[in-house]
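If you're wondering where the values come from, they're calculated on a predicted model, not measured in any experiment. As a basis for the values below, the full set of heavy atoms in this structure was taken, side chains included, without hydrogen atoms, waters or symmetry mates.
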Amino acid sequence: MSKEELITAAYAALENAYAPYSHFRVGACVLAKDGRIFCGANVENASYGLCCCAERNALFAAIAAGVRPKDIHALAVVSERERPPAPCGACRQVMSELMPGDALVLMAGSGGVKEMDVASLLPGAFDKEDMQ
Ligand SMILES: O=c1ccn([C@H]2C[C@H](O)[C@@H](CO)O2)c(=O)[nH]1
Ligand SMILES: [Zn+2]
């Protein structure tokens, strides 16, 4: 699957966003190395702190389906705004745990696409080594 196809799949996932509070719809899709994709959208709650971002919902779907972190190739996240969505700190931390450092993150808005790898999104991430 090409980068463009992964972004298109993320826009389809965005249609399932549940965002009655922010009205900011986000979609995300994870591409596994075997070619499977796992998608998510943001899901909000009247108790705002319980909102979950599209990126985490997509990543958790992949992991819960049995995909291991080393087998994830890329993640695309999209919004309807011009500016590509910047993953929040919580999602960067989850990406650093559940994706390889060199995995590609594609961020797309109507104005264009930005690409970064996971390690660059969260330099100096807290990880299992910090707990030894
Ligand atoms: O990268 C992002 C940024 C925000 N959101 C969601 C969380 C919340 O539902 C809404 C506003 O922050 O957008 C995401 O899903 N991904
Ligand atoms: Zn987030």
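The side chain to side chain donor-acceptor pair (under 3.5 Å) check on K33 picks up nothing, with sequence neighbours excluded. Taking C52 as the reference, nothing meets the disulfide bond (SG atoms under 2.5 Å apart) condition, with sequence neighbours excluded.
Per the SG-SG cut-off, C29 and C39 are bridged by a disulfide [distance under 2.5 Å].
Within the hydrophobic cluster formed by Ile, Leu, Val, Met, Phe, Trp and Tyr side chains joined at under 4.5 Å, directly or through other members, L106 is accompanied by M1, L6, I7, Y11, L14, L31, I37, V78, L104, V113. Clustering of Ile, Leu, Val, Met, Phe, Trp and Tyr by side-chain heavy atoms under 4.5 Å joins M99 with F24, V26, V30, F38, L59, F60, I63, V67, I72, L75, V77, V94, M95, L98, V105, M107, M116, V118, L121.
Taking CD of E115 as the reference point, atom OG of S120 lies at 11.5 Å (rounded to 0.5 Å).
Note on residues 75-88: pairs passing side-chain hydrogen bond (donor to acceptor under 3.5 Å, both in side chains), not counting sequence neighbours, are R25-E80.
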Checking side chain to side chain contact (heavy atoms under 4.5 Å, CB included) for the pair R56/C88: CA distance, chi angles, key distance, verdict?
CA-CA 10 Å; R56 273 177 286 155; C88 76; 4.1 Å; yes

Between side-chain atoms of residues 125-132 and protein atoms elsewhere (two or more places apart, or another chain), which donor-acceptor pairs fall under 3.5 Å?
| unit_1 | atom_1 | unit_2 | atom_2 | d |
| --- | --- | --- | --- | --- |
| D127 | OD1 | E129 | N | 3.0 |
| D130 | OD2 | D127 | N | 2.8 |

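Between E55 and R92, the closest side-chain pair of non-hydrogen atoms is not below 4.5 Å.
Contact between A10 and A76 at its shortest, heavy atoms only, is CB-O, 4.0 Å. A pairwise comparison of heavy atoms in C53 and C91 identifies CB-SG, 3.4 Å as the closest pair.
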